[in-house]
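Okay, structure first, notes after.
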Protein chains: 2
Amino acid sequence: MTTIRDIARESGYSVSTVSRVLNNKHHVSAEARLAIQQVIEQLDYVPNNIARDLSKGRTESIGVVLPHTNHPYFTQILDGILAAAFVTDYRIVLLPSDYDILREQSYLEQLRCKVFDGLIFTSRRIELEIIKNYQKYGPIVCCEKLEDANVLSVYSVREPAYLEAFQWLKKRGKNQGAILLSRGEEISATAKATMKAYRAFYQSEPDEKLVITGVTTYQDGYEAGEKLVRDYESFDYIFANSDDDAAGIRQYYLDHDLSLPLIVGQENQLSGKLLKLPTIDHQLSKVGQHAFFLATKQSTTTHIAVMSHFIPR
Amino acid sequence: MTTIRDIARESGYSVSTVSRVLNNKHHVSAEARLAIQQVIEQLDYVPNNIARDLSKGRTESIGVVLPHTNHPYFTQILDGILAAAFVTDYRIVLLPSDYDILREQSYLEQLRCKVFDGLIFTSRRIELEIIKNYQKYGPIVCCEKLEDANVLSVYSVREPAYLEAFQWLKKRGKNQGAILLSRGEEISATAKATMKAYRAFYQSEPDEKLVITGVTTYQDGYEAGEKLVRDYESFDYIFANSDDDAAGIRQYYLDHDLSLPLIVGQENQLSGKLLKLPTIDHQLSKVGQHAFFLATKQSTTTHIAVMSHFIPR
DNA sequence: TTGAAAGCGCTACCAG
DNA sequence: CTGGTAGCGCTTTCAA
């Protein structure tokens, strides 16, 4: 492997001058620059990136923690991050967490070990207080609405769109709904937002038999349908967690010749379009882009809100 | 920042001994280990990963080149890669290419600069010969069937499933089809496989008006439907590029009250399930897993084939 | 404008 | 079992 020292020796200049040429710095004579560049070409030399990173103390890479890639919430945020990173020299490193707290913590440790310059949590299970302890090692962005002004946060503002959806349902005479959530209200920020909007609109608690958690895929939706029908309660609409799981629950009803309640999806996915389901677009790609800006300190604010849109169909 | 030298000084042992403790190596007395570990705790020390990488000359990360993430071909392969990497210490770095040859080459250069230990091309535009020039810098895996025994290759064996699909269509009296492809046959390995199977089955060239390229999404499918209907040719089935674009083309027919030809999708997506379209599952997650094994030299073979499955519906 | 040399923080070899 | 030390390849400061 040819090193900067080889170039220095062969060109007759010093390592420092070669370094200056490599980094396009000033204070190098035209002839020195030329001579050095020629040797670089000849020896087919390329600087070692790790050595550079070590010297500079940075890695030019951002870690993105995501539980899995089976939900549009994550893939859409990721798309936004990639789009924003595309025009920079930053690398995006995928960090699958499976919602395992130990894994999440190990990624924080890696931030500390300077594996990444910054970290984005598309979702998390680990406590915020622990995350705060790691902020001194680099910017950490959470894709959720946080009250704490000291933690970087990007999120979609869901309430208005949720209220609009409930209003729309009401106009159509639908007043009693089943709610599908990804995770429980106590650990999921999005679940919390959904329930908050529900309470604000109806001024009451939903029947607990009508709230089902752990629903993210078509299959989950199908099983949720089964459960809802079994534990039958009176309801006239279903507020799903995504268009895909909405499609699953719809299929359960169809397969069992049951009359379909009105179903509202989320995420504006292809399945919702195909089945003409009303849905809510949370603009997650934008969330991802902003998260990247914060993680790379291209943005100076700490909290960024993106508006969700209700799409009636 | 506390370094290994601080730990050495504070514990009264040498840098080497501390390093041994850090790396869980032998030849360290229990007391030394204990004393050193205590100091490590006290000073809240953590080894710098970049320095480690530099010393060892490796990065523990694999780059994954992908044109975009809007097609299940890529997301499914990526899922497989992540699943395989999950149980290792390797990091997965996403490298968006947008099919830009210059970008693809820059990633090869990064492999050369030791940014990655290995590279996976989920798809590529750059010439194979150029890739071969970079093999000396680390393992490079292409997710396509390559004749060249010297390039690592993982791919799904599509022909048998394609032939089965054509046979299935024939049994249902469908003999003249329109073909949707992602990219042209000359640059796309999957397009080539499709056309090869077509020719093998029908013993003839398809009508060129019935071959449409650049189709990967629902929207693309919709537009392809428009085009097919406009340049009307006699055909009784459509062989789509994915279930999603199959859904798009189907919708075009429905929107214009045209009688639907038989549509076969690919990739076994949710949309195909919802619309009950026959499809072909290319097992791309498995392809991704194997690609990772090759890129990390966990596998000694150079070519791995994964069988596609036709799913009649 | 140039060069010498001191790091960056760690690993690995060799000697004891 | 332990320590000294020479790297790993580059950047950066300081002096010339």
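In what follows, every chain begins at residue 1, and chains take the letters A, B, ... in the order their sequences are listed.
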Do nucleotides 6-16 of chain D as a string where each nucleotide becomes B, S or -: B if the base has a protein heavy atom under 4.0 Å, S if just the sugar-phosphate does, - if no protein is that close.
-BBBBBBB---

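At C:dT1, none of the side-chain N or O atoms of A:Ser29 fall inside 4.0 Å of OP1 or OP2 (strictly under the cut-off).
To the nearest angstrom, P of C:dC10 lies 15 Å from CG of A:Asp53. Between the OH atom of A:Tyr13 and the C1' atom of C:dT1 there is a distance of 10 Å, rounded to whole Å. Atoms CD1 (B:Ile7) and P (C:dT11) sit 13 Å apart, rounded to a whole Å. Between A:Arg9 atom CZ and C:dG3 atom C1' there is a gap of 16 Å when expressed in whole angstrom units. The distance from atom CD1 of A:Ile50 to atom C1' of C:dT11 is 13 Å, rounded to the nearest whole Å. Rounded to whole Å, atom P of C:dA12 lies 14 Å from atom CG of B:Asn24.
Remark: the backbone N or O of B:Leu102 is paired with a side-chain donor or acceptor of B:Asp100 at under 3.5 angstrom.
Across its full length, the helix from C:dT1-D:dA16 to C:dG16-D:dC1 shows an angle of 40° between the axes of its 5 terminal pairs at either end, rounded to 10 degrees.
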Could you please spell out the steps behind the side chain to side chain contact (heavy atoms under 4.5 Å, CB included) verdict for B:Ile7 and B:Ile36?
CA-CA 7 Å; B:Ile7 306 301; B:Ile36 289 171; 4.1 Å; yes

Given the rule in the side chain to side chain contact (heavy atoms under 4.5 Å, CB included) test, do A:Ser61 and B:Val93 qualify, once you have shown the distances and angles that lead to the verdict?
CA-CA 9 Å; A:Ser61 70; B:Val93 182; over 6 Å; no

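Inter-residue side-chain proximity for A:Arg112 and B:Asp44 is flagged as met; some heavy-atom pair is nearer than 4.5 Å.
Expressed to the nearest 0.5 Å, how far CD1 of B:Ile81 lies from CZ of B:Phe86 amounts to 15.5 Å.
Within a 6.0 Å radius of CG in A:Asp89, other residues, nucleotides and ligands contribute 12 heavy atoms or fewer.
Across all strands, A:Ala8 comes closer than 4.0 Å to no nucleic acid atom at all (heavy-atom distances).
Using a cutoff of 4.0 Å between basic side-chain nitrogens and carboxylate oxygens, B:Lys114 and A:Asp53 are not scored as salt-bridged.
Of all heavy-atom pairs spanning B:Leu284 and B:Pro72, the tightest one is CD1-O, 4.4 Å.
The stretch residues 118-136 of chain B participates, sequence neighbours left out, in these side-chain hydrogen bond (donor to acceptor under 3.5 Å, both in side chains) pairs: B:Tyr99-B:Ser123, B:Gln105-B:Tyr134, B:Glu109-B:Tyr134, B:Ser123-B:Arg183, B:Arg124-B:Glu144, B:Lys132-B:Asp148.
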